[in-house]
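The structure under discussion appears below in the form of structure tokens.
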Amino acid sequence: MVVKVNENYLLLKSNYLFAEVANRLEKYENEHPDKDVIAMGIGDVTKPLPKAVIKAFKDAVDEMGQADTFRGYGPEHGYEFLREAIVKGDFEPLGVDLDIDEIFVSDGAKCDTGNIQELFANSNTIAVTDPVYTVYVDTNVMAGRTGPMKDDGMYEGLVYLPCTAENDFEPELPSEPVDIIYLCYPNNPTGSTLTRDQLAKFVDYARENEALILFDAAYERFITEDNIPHSIYEIDGAKEVAIEFRSFSKTAGFTGARCAYCVVPKALKVKDSEGNEHSLNALWDRRQTTKFNGVSYPVQRAAEAIYTEEGQKEIQENIDYYLKNAKLIRESLTDLGLTVSGGINSPYIWVKTPNNMPSWEFFDLLLNEANIVGTPGSGFGPSGEGYFRLTAFNTYENTKEAMERISKLSF
Ligand SMILES: *Cc1c(COP(=O)(O)O)cnc(C)c1O
């Protein structure tokens with residue numbers, strides 16, 4: 001074999017986190033087959049798709065089976081009916097005016113946040129929050145924008161913005177020049193949010209430093225508080241400095257159906273080495289039309305149905321169910337004297353481990369003593385050490401039982 005590997009891939013750390021969680025769980029269950037373990041590490045929705053969505057989905061499948069309504073390849077960046085529903089349903093109510101050509105429908109925000117970096121030169125300096133949704137980091141490693149991971153768990157060449165209880169999970173502006181900043185709010189894994197003023201600081205920074213913000217709003221639908229922006233475009237001037245990623249996955253239960261979109265405003269410009277400006281909207285369009293052939297027609301009709309009155313009501317009921325679990329977790333753990341964040345505008349609760357216990361030690365304690373599985377914070381980045389993520393996606397009954405079990409532990 002003379003084929004040479006892309007050595008950037010060799011810099012990646014194996015996906016140790018969820019594999020190790022699964023290993024330890026399997027070992028425990030083999031040794032204790034009688035124990036009923038409650039999964040609180042679930043990063044996936046559990047409620048079925050809303051009825052309005054299923055009806056639209058099925059009707060569209062039927063259309064595909066009739067010669068006169070059959071559809072083949074659709075537009076790469078989504079059917080107009082969906083892009084119009086998105087502009088009207090998600091942005092007009094916020095006072096954000098977007099053109100449908102600024103919306104690119106896709107099969108996932110994971111793919112979009114992972115693929116977008118292709119548009120940028122390798123010489124750009126990238127900043128990520130720490131802890132972080134690892135897709136942002138790993139895709140930049142694959143692209144060759146970093147060196148190897150150092151002993152401190154950080155990749156050489158990346159700028160990390162720590163988010164810990166000390167700064168109330170609000171990242172500070174980069175202290176060294178950066179070109180691209182990934183932000184995810186409401187945050188996975190910490191469940192924290194940025195207020196309008198806090199987000200405006202980043203937009204102002206980007207405007208002053210000619211930087212770009214990649215804003216992942218996958219959990220936007222979980223926002224319950226008034227001073228939290230649903231879209232970065234609610235901040236003045238953001239259209240010149242930000243791309244926003246949205247997904248129907250957590251919003252409407254599309255993790256298995258696959259539909260998302262990103263907003264690339266026409267006002268966004270990048271420069272070549274000679275200083276000439278290029279439209280990011282045009283470049284992303286070129287990328288998508290070359291490498292992507294669109295989301296299936298029935299899935300786009302299913303997504304469109306979210307924006308009907310019935311669809312909105314049904315998805316809100318599901319979100320409210322998860323939020324009720326989140327509130328229960330947050331309040332129960334706070335009552336036990338633990339330091340927690342998240343769970344108000346997010347399905348994630350980020351717990352500071354008692355007595356600065358390492359994340360994995362707390363994982364073992366919860367598993368062995370309370371038969372609860374969560375996710376060690378250290379798996380999301382070095383600043384996640386000493387934290388633990390619980391999720392609100394289990395049933396209310398199981399969540400309640402889990403909280404009762406935890407209340408019997410002594411830390
Ligand atoms: C779940 C999630 C997404 C959504 O990914 P899809 O590919 O649309 O399912 C995006 N970003 C974050 C941070 C997530 O947790």
Side-chain angles (χ1 to χ4, degrees), residues 15 17-18 21 40-47 49 53 77-78 82 86 90 103-117 127-140 161 163 169 171 181-194 199 213-223 228 230-232 242-263 288 291-292 294-296 299-300 302-303 306 315 318-319 322 326 342-343 345-350 374-375 377 379-381 384 389-393:
N15 209 340
L17 177 65
F18 291 101
V21 167
M40 305 278 286
I42 311 171
D44 193 355
V45 294
T46 48
K47 294 262 167 207
L49 286 167
V53 167
H77 46 277
L82 180 55
I86 287 167
D90 286 345
I103 308 288
F104 294 82
V105 175
S106 78
D107 58 347
K110 185 187 206 174
C111 330
D112 286 343
T113 54
N115 290 333
I116 198 77
Q117 49 74 31
V128 293
T129 59
D130 174 24
V132 69
Y133 180 58
T134 47
V135 172
Y136 317 148
V137 171
D138 287 357
T139 53
N140 278 290
L161 309 174
C163 299
F169 304 99
I181 307 172
Y182 287 85
L183 294 177
C184 171
Y185 288 97
N187 189 262
N188 179 10
T190 67
S192 60
T193 46
L194 293 183
L199 185 56
I213 298 172
L214 301 175
F215 190 74
D216 185 343
Y219 296 93
E220 166 276 330
R221 193 76 201 200
F222 288 83
I223 294 172
I228 311 297
H230 287 252
S231 165
I232 195 168
I243 291 176
E244 180 163 305
F245 303 91
R246 295 268 190 120
S247 172
F248 299 111
S249 283
K250 317 297 165 32
T251 304
F254 273 60
T255 51
R258 312 302 309 142
C259 199
Y261 65 90
C262 71
V263 184
Q288 290 297 79
K291 295 196 176 182
F292 184 58
V295 175
S296 83
V299 169
Q300 292 192 59
I306 295 166
I315 66 170
N318 290 348
I319 299 273
Y322 300 136
N345 304 292
S346 161
Y348 298 126
I349 293 85
W350 190 244
T375 313
F380 299 100
R389 192 188 76 174
L390 293 174
T391 78
F393 291 122

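Only heavy atoms go into these numbers, but all of them, side chains included; no hydrogens, no water, no symmetry mates. Order of appearance sets the numbers: ligands from 1, and atoms from 1 within every ligand. Keep in mind that what you see is a predicted model, and the values were worked out from it rather than measured.
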(request) Fit a plane to each ring of F380 and F18, take the angle between them on a 0 to 90° scale, and name the class: parallel (under 30°), tilted (30 to 60°) or perpendicular (over 60°). (result) perpendicular

(request) Answer with yes or no whether F245 contacts ligand 1, where contact means a heavy atom under 4.0 Å from a ligand atom. (result)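 For ligand 1, residue contact (heavy atoms, under 4.0 Å) with F245 is absent.
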
Give me the nearest non-hydrogen protein atom to [atom] as residue plus atom name, then the distance to 0.1 Å.
{"atom": "atom 9 (O) of ligand 1", "answer": "S249 OG, 2.6 Å"}
{"atom": "atom 14 (C) of ligand 1", "answer": "K250 NZ, 3.3 Å"}
{"atom": "atom 11 (N) of ligand 1", "answer": "D216 OD2, 2.7 Å"}
{"atom": "atom 15 (O) of ligand 1", "answer": "Y219 OH, 2.6 Å"}
{"atom": "atom 7 (O) of ligand 1", "answer": "R258 NH2, 2.7 Å"}

Relative to the heavy atoms of [X], which atoms of ligand 1 are at a distance of less than 4.0 Å?
{"X": "N188", "value": "13 (C), 15 (O)"}
{"X": "C184", "value": "13 (C)"}
{"X": "K110", "value": "5 (O), 6 (P), 7 (O)"}

To the nearest 0.5 Å, what is the distance between [atom1] ([X]) and [atom2] ([Y])?
{"X": "T255", "Y": "D44", "atom1": "OG1", "atom2": "CG", "result": "3.5 Å"}
{"X": "T113", "Y": "I243", "atom1": "OG1", "atom2": "CD1", "result": "11.0 Å"}
{"X": "N187", "Y": "T193", "atom1": "CG", "atom2": "OG1", "result": "9.5 Å"}

(message) Checking R389 now: which residues fulfil salt bridge (Lys or Arg N to Asp or Glu O under 4.0 Å) with it, not counting sequence neighbours?
(response)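 Result, salt bridge (Lys or Arg N to Asp or Glu O under 4.0 Å) vs R389: none returned.
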
(request) May I ask you to identify, for A218, whether its side chain, its backbone, both or neither come under 4.0 Å of ligand 1 on a heavy-atom basis? (result) side chain

Give yes or no for whether the N/O distance cutoff of 3.5 Å, strictly under, is met between [X] and ligand 1.
{"X": "T255", "value": "no"}
{"X": "A260", "value": "no"}
{"X": "Y348", "value": "no"}

(request) Answer yes or no: is there a side-chain heavy-atom contact under 4.5 Å between L214 and F245? (result) yes

(message) Is there a side-chain contact between W350 and P189 in this structure, where contact means two heavy atoms from C-beta onward sitting under 4.5 Å apart?
(response)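 Result yes, sub-4.5 Å side-chain heavy-atom pair found.
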
(request) Spell out, as yes or no, whether a donor-acceptor pair under 3.5 Å connects the side chain of S346 to the backbone of G343. (result) no

(message) I'd like the name of whichever of C259, S247, A257 reaches closest to atom 8 (O) of ligand 1 through any heavy atom.
(response) S247

(message) Between Y348 and Y219, is the ring pair (Phe, Tyr, Trp, His ring centres under 6.0 Å) condition met? List the steps.
(response) CA-CA 10 Å; Y348 298 126; Y219 296 93; 5.2 Å; yes

